[in-house]
Amino acid sequence: MSWTDERIELLKNLWDSGQSASQIAKELGEGVTRNAVIGKAHRLGLKSRPSPVKADKPEAPAAPKRVEKKEAKKLVTLLDLTDRMCKWPHGHPGDEDFHFCGKPSEPGMPYCASHCAEAYQAQPPRRDRRQPPRPIL
DNA sequence: CCCTGATTCGC
DNA sequence: GCGAATCAGG
């Protein structure tokens with residue numbers, strides 16, 4: 001596959017819609033890797049959203065602006081889920097704040113480690129609480 | 001190990 | 001121009 005106009009547009013849209021390169025790659029499908037996406041994005045001049053590597057290092061810690069509001073976390077909706085994402089739901093379907101855990105899931109599992117623990121609790125030894133059969137004599 | 005984007009470099 | 005390999009960080 002080559003970069004047709006359509007694909008390029010899709011790339012642009014997804015890119016500045018905040019999708020990660022790997023997610024875009026999946027949606028473009030057909031053997032497109034995140035490297036391809038990043039490479040193309042780079043070449044197109046679409047660039048540089050906060051990259052972990054280039055992250056700031058001002059080194060002057062003289063700015064104690066700690067009382068900032070917590071950044072509003074994006075809620076992981078059904079549409080955001082990919083495999084390898086924890087599918088543990090929070091809230092009730094239909095509610096505005098219904099969302100999924102979304103953390104990296106345990107390999108082969110639908111949930112992250114902690115939610116696996118939640119989901120797959122071994123049943124505690126259930127003592128049979130019915131009255132034992134009473135011998136006739 | 002999961003993930004992120006950036007860069008390099010042979011094709 | 002392309003993107004796999006690599007790098008660099010969370």
Side-chain angles (χ1 to χ4, degrees):
Chain A
M1 269 300 180
S2 59
W3 286 105
T4 63
D5 293 11
E6 300 172 17
R7 289 172 146 267
I8 292 177
E9 277 202 40
L10 183 53
L11 167 59
K12 286 179 180 172
N13 294 336
L14 293 173
W15 184 267
D16 46 39
S17 80
Q19 299 291 290
S20 72
S22 62
Q23 288 182 309
I24 295 172
K26 280 174 184 146
E27 295 188 29
L28 285 175
E30 295 302 323
V32 176
T33 66
R34 74 183 195 92
N35 294 298
V37 171
I38 291 172
K40 185 59 181 174
H42 190 276
R43 238 168 277 127
L44 284 174
L46 296 172
K47 49 147 194 332
S48 193
R49 283 193 286 80
S51 72
V53 176
K54 278 244 313 173
D56 49 335
K57 48 160 278 314
E59 76 223 31
K65 56 176 179 181
R66 57 197 46 179
V67 192
E68 296 259 338
K69 291 183 182 70
K70 294 290 185 183
E71 281 294 335
K73 277 288 191 179
K74 299 174 194 172
L75 296 182
V76 177
T77 72
L78 184 59
L79 297 174
D80 303 324
L81 278 180
T82 70
D83 48 8
R84 294 196 176 78
M85 278 195 196
C86 179
K87 298 171 184 60
W88 190 269
H90 288 292
H92 304 288
D95 286 358
E96 204 55 43
D97 62 341
F98 177 63
H99 64 288
F100 294 90
C101 171
K103 288 180 301 213
S105 60
E106 210 64 6
M109 297 297 179
Y111 309 122
C112 68
S114 62
H115 286 138
C116 276
E118 187 77 24
Y120 303 121
Q121 291 178 50
Q123 292 297 96
R126 296 170 56 262
R127 280 280 11 173
D128 198 336
R129 67 272 175 263
R130 286 174 308 169
Q131 295 300 329
R134 186 87 183 294
I136 304 294
L137 290 176

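Numbered from 1 within each chain, the chains take letters A, B, ... in sequence-line order.
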Listing, residues 90-100 of chain A side-chain donor-acceptor contacts under 3.5 Å, not counting sequence neighbours, or none:
| residue | atom | partner | partner atom | Å |
| --- | --- | --- | --- | --- |
| A:H99 | ND1 | A:D97 | O | 2.7 |

### Task
Round to a whole Å and report the spacing from CZ of A:R7 to P of C:dG3.
9 Å
### Query
Is the A:W88 ring parallel, tilted or perpendicular to the A:H115 ring (thresholds 30°, 60°)?
parallel
### Query
Starting at the 5' end of DNA chain B and moving along, which residue's nearest nucleotide shows up first, A:S105 or A:H42?
A:S105
#### Entry: Gap between atoms CD1 and P, on A:I38 and C:dA5 respectively (whole Å)
14 Å
### Query
For B:dT4, does either OP1 or OP2 sit under 4.0 Å from a side-chain N or O belonging to A:S20?
yes
### Message
Without decimals, in angstroms, what is the distance between A:M85 CE and B:dC3 C1'?
### Response
10 Å
#### Entry: Spacing of A:L81 atom CG relative to B:dC2 atom P, expressed in whole Å
18 Å
### Task
Starting at atom CD1 of A:I24, determine the distance to atom P of B:dT4, rounded to an integer number of angstrom.
10 Å
### Task
State yes or no: do A:V32 and A:L44 share one hydrophobic cluster built from I, L, V, M, F, W and Y residues joined by side-chain heavy-atom distances below 4.5 Å, directly or via other members?
yes
### Query
With sugar-phosphate meaning primed atoms plus P, OP1 and OP2, does A:K103 contact a base, only sugar-phosphate, or nothing at under 4.0 Å between heavy atoms?
nothing
### Summary
Taken to the nearest whole Å, CG/A:L11 to P/C:dG3 is 11 Å
### Query
Same hydrophobic cluster for A:V37 and A:L10, using side-chain heavy-atom links shorter than 4.5 Å among ILVMFWY?
yes
### Message
Within a 6.0 Å radius of atom CZ on A:R7, are there more than 12 heavy atoms belonging to other residues, nucleotides or ligands?
### Response
yes
### Message
Taking 4.0 Å as the cut-off, does a side-chain nitrogen or oxygen of A:W15 come that near to OP1 or OP2 on B:dG5?
### Response
no
### Nearest-nucleotide 5' precedence on DNA chain C, A:K40 against A:N35
A:K40
## Note on the structure
The residue, A:R43 or A:P104, whose nearest nucleotide of DNA chain B is more 5′ is A:P104
### Task
Mind checking A:S22 for me? I need base, sugar-phosphate or nothing, with any heavy atom below 4.0 Å counting as a touch.
sugar-phosphate
### Task
Describe the nucleic acid contact of A:R34 in one word from base, sugar-phosphate, nothing, applying a heavy-atom distance below 4.0 Å.
base
### Task
Check the distance between B:dC1's P and A:D83's CG and give it to me in whole angstrom.
18 Å
### Task
Please report, rounded to the nearest Å, how far the C1' atom of C:dG1 is from the CG atom of A:D5.
15 Å
